[in-house]
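Remarks on the structure that follows.
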Amino acid sequence: MVQSPDPERARGVFGITVAAELVGTGVQNLRAYEARGLVEPVRTEGGTRRYSAEDVDRLRRITALLDAGLNLAGIAMVMDLQDENDRLRRAGPG
DNA sequence: CTTCTGACA
DNA sequence: TGTCAGGA
């Protein structure tokens, strides 16, 4: 049994560098998205961002929206609506 | 790894 | 406007 030698592994978190590689962009862009509120990675004591699998998936959505012709401001709106829509759906259909 | 600034398409 | 590059 792999008892996760590292507690971080069980959480499935990625450093900003690996997250950038996964989404196919640079660490500077990921930081730009966070500045726009597109993603909110957890911050460690050292101040380093820790991107979870969910965050990486969201980053991919951001790149897809950018390709769609949306800008960071527009993407932020889409992400907010999607988050609220998913929240309402999870809260209860009725 | 973080933050900021400069330049380019 | 968004991305890339360099420096502290």
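Chain letters run A, B, ... following the sequence lines, proteins first and then strands; every chain starts at 1.
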A/L30 and A/V18: same hydrophobic cluster, using ILVMFWY side-chain contacts below 4.5 Å? yes
Less than 3.5 Å between a donor and an acceptor, one on the side chain of A/Q28 and one on the base of C/dG2, is that the case here? no
I need the minimum non-hydrogen distance between A/D55 and A/P41, along with the two atoms involved. OD2-CA, 3.9 Å
Counting only N and O atoms by type, is there a donor-acceptor contact under 3.5 Å from the side chain of [X] to the main-chain atoms of [Y]?
{"X": "A/T25", "Y": "A/N29", "answer": "no"}
{"X": "A/D83", "Y": "A/D80", "answer": "no"}
{"X": "A/R60", "Y": "A/L22", "answer": "yes"}

Calculate the interatomic distance between [X] atom [atom1] and [N] atom [atom2]; express it in whole Å.
{"X": "A/Y33", "N": "C/dT1", "atom1": "OH", "atom2": "C1'", "value": "12 Å"}
{"X": "A/L30", "N": "B/dC1", "atom1": "CG", "atom2": "C1'", "value": "13 Å"}
{"X": "A/I62", "N": "C/dT1", "atom1": "CD1", "atom2": "P", "value": "18 Å"}
{"X": "A/R49", "N": "B/dC1", "atom1": "CZ", "atom2": "P", "value": "11 Å"}
{"X": "A/Y51", "N": "B/dC1", "atom1": "OH", "atom2": "P", "value": "11 Å"}
{"X": "A/D67", "N": "C/dT3", "atom1": "CG", "atom2": "P", "value": "11 Å"}

With a sphere of 6.0 Å drawn around CZ of A/R89, does it hold more than 12 non-hydrogen atoms of other residues, nucleotides or ligands? no
Nearest to side-chain heavy atoms of [X], which nucleotide of [options]:
{"X": "A/R43", "options": "B/dT3, C/dG2, C/dC4", "value": "B/dT3"}
{"X": "A/T25", "options": "C/dG2, B/dT2, C/dC4", "value": "C/dC4"}
{"X": "A/N29", "options": "C/dT3, B/dC1, C/dG2", "value": "C/dT3"}

Find out whether A/V56 and A/V23 are in side-chain contact, i.e. whether some heavy atom of one side chain is under 4.5 Å from a heavy atom of the other. yes
Taking Watson-Crick and G-U wobble contacts under 3.5 angstrom, with | marking pairs to another strand and [ ] crossing pairs, the secondary structure of DNA chain C is written ||||||.|
Over all strands shown, is A/R31 touching base, sugar-phosphate only, or nothing at heavy-atom distances under 4.0 angstrom? base
